[in-house]
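Notes to accompany the following structure.
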Amino acid sequence: MVSKMIQPRLTQLFRFVRCSYADGVAELAYAFDDGEELVERIRFPHAPAIPAGHAAAFDAALKLLHLIAGVSYYKAGVPPKIEVASGPLDDATAELLDQLYLHGLAEFAYRNGLDLRGRITFPRGAAAQPPAPAAGLPKRTLVPIGGGKDSLVAVEAIKSIGGEATAVWVGNSALIAACAERTGLPTLNIQRELAPGLFELNRLGAWNGHIPVTAVNSAILAVAAILYGYDSIAFANERSASAATLEYEGQQVNHQWSKGYAFEQLLGNWLHTHVASDLDYCSLLRPYSELAITRAFAKLMPYFDAFSSCNRNFKLLGPKPADRWCGQCPKCHFVFLALAPFLPKPRLLSIFGRNLLDDENQASGFDALLEYQDHKPFECVGEGAEARAAMYALSQRPEWQEDALIERFRSEILPQLDASQLALEPWLEPSAEHHVPTRLQPALATIG
């Protein structure tokens, strides 16, 4: 329990107190100033004993999880000093955390009118350790499932090359569980229990907002990879995740920063040097745009009645496709728009249960996707230029031309655009920039 006397926004010190692991449960403890501990628990189901010879790798991964998961608590007060009870960090670890907390909390800072530059400094000075050796991890992959189209494309790509994989997720979403089950892969469901004291801090006036949850889940999966025996963690983050949402006072603000390529490289390299040289962390879909991924997903009909990218309706799992889509949020808007060029119109309408592009009340939502009179939404959606290319493609097709928002695009928005910049085809070409390990690279050929 957190003392009623604490004022989170006036705290001066954030402490990483301790972390421990026993019997499938990791405990991560934090505190502000000299206050009570905030203890988070991560539960790994049916956890085996830590394999012989993997104790050092497991310990390093657990310590990183402690440091990364602390972002959920640090943001409650954003005090000017950070202390790690176990001592200062080596430069590579401190740099990873400085970057993650600054950029991963950029949206939080923007929305709260804060400037975190120069404020986040993890203690450094420990000597660099010798590079971690190989752990002899089994050649199999943890594939995080989010319930949406992207992770399902990644699953099918790995299955297509005969790769051994497990569908994994953190939390209690029934929709994600149903999607994981539909893949036919073995499943692993890890539980994260936030410290109850965090909710009390919120009641006491703590700062609140978006955190880089993909980074937290990535650190959880690094621990899981060593514990259960996997040599790779393959997320399904696309190329456009690296694109900033907006710029604010000279700083790029990216809602998806921990899904972007910069973080992928930082964490992947850190795991190689600090945990195990044969533990790979990557995004399998990094070379591809959202449009290329939706084109690939459009061929995966068995998932059409199971997937959902809708954030508002995410906890609802109903009997009809329409129950999985609110039809109002940026994710619904973008997935509808991105799939439209690649699916027959009746099939798309049957997935969503309605035609979002024939509803004038949705104009402002689609305008934001197009970056027309607004910035891109703070959501995991594609780039504005990508959305414009999809909208332009639909505007050239007779079956879409009479829909209200397509008609509006043709008459009001299109005349202001350079038509030579609106082609769909360039978005379907993969980039050469990725961090995919050699063992999984054959899967890339199955996506394009």
Do the charged groups of Glu156 and Lys299 touch, with an N to O distance under 4.0 Å? no
Results of salt bridge (Lys or Arg N to Asp or Glu O under 4.0 Å) for Glu27 - residues two or more places apart only: Arg18, Arg41
Applying salt bridge (charged side-chain N to carboxylate O under 4.0 Å, His left out) as the test, list every pair that has at least one member in residues 253-277; sequence neighbours left out. Glu264-Arg286
Any chance the side chains of Tyr230 and Thr141 put a donor and an acceptor closer than 3.5 Å? no
Between Ser240 and Ser289, do the side chains contain a donor N or O and an acceptor N or O under 3.5 Å apart? no
Sequence neighbours excluded, the answer for salt bridge (Lys or Arg N to Asp or Glu O under 4.0 Å) partners of Asp33 is none
Aromatic rings Phe297 and Phe304: how do their planes relate, parallel, tilted or perpendicular, breaks at 30° and 60°? tilted
Determine the interplanar angle of the Trp257 and Phe263 rings, folded into 0 to 90°, and report it as parallel if under 30°, tilted if 30 to 60°, perpendicular if over 60°. tilted
Looking at Arg124 and Glu95, is any side-chain nitrogen of the basic one under 4.0 Å from a carboxylate oxygen of the acidic one? yes
Sequence neighbours excluded, which residues qualify as ring pair (Phe, Tyr, Trp, His ring centres under 6.0 Å) partners of His66? Phe16, Tyr30
Quick one: list whatever passes side chain to side chain contact (heavy atoms under 4.5 Å, CB included) with Asp150, sequence neighbours left out. Ala236, Glu238, Leu285, Glu290, Ile293
Who passes side chain to side chain contact (heavy atoms under 4.5 Å, CB included) against Gln421, sequence neighbours left out? Asp418
With side-chain contact (heavy atoms from CB on, under 4.5 Å) as the criterion, how do Met391 and Leu369 come out once you've worked through the C-alpha distance, each side chain's angles and the decisive distance to 0.1 Å? CA-CA 10 Å; Met391 190 74 86; Leu369 294 180; over 6 Å; no
Once the angle between the rings of Phe352 and Phe336 is folded into 0 to 90°, is it parallel (under 30°), tilted (30 to 60°) or perpendicular (over 60°)? perpendicular
Glu36 to Ala31 - nearest heavy-atom pair and separation: O-CB, 3.7 Å
Note: Asp305-Arg324 ion pair, threshold 4.0 Å (strictly below): no
Any salt bridge between Arg43 and Glu193, counting N to O under 4.0 Å? yes
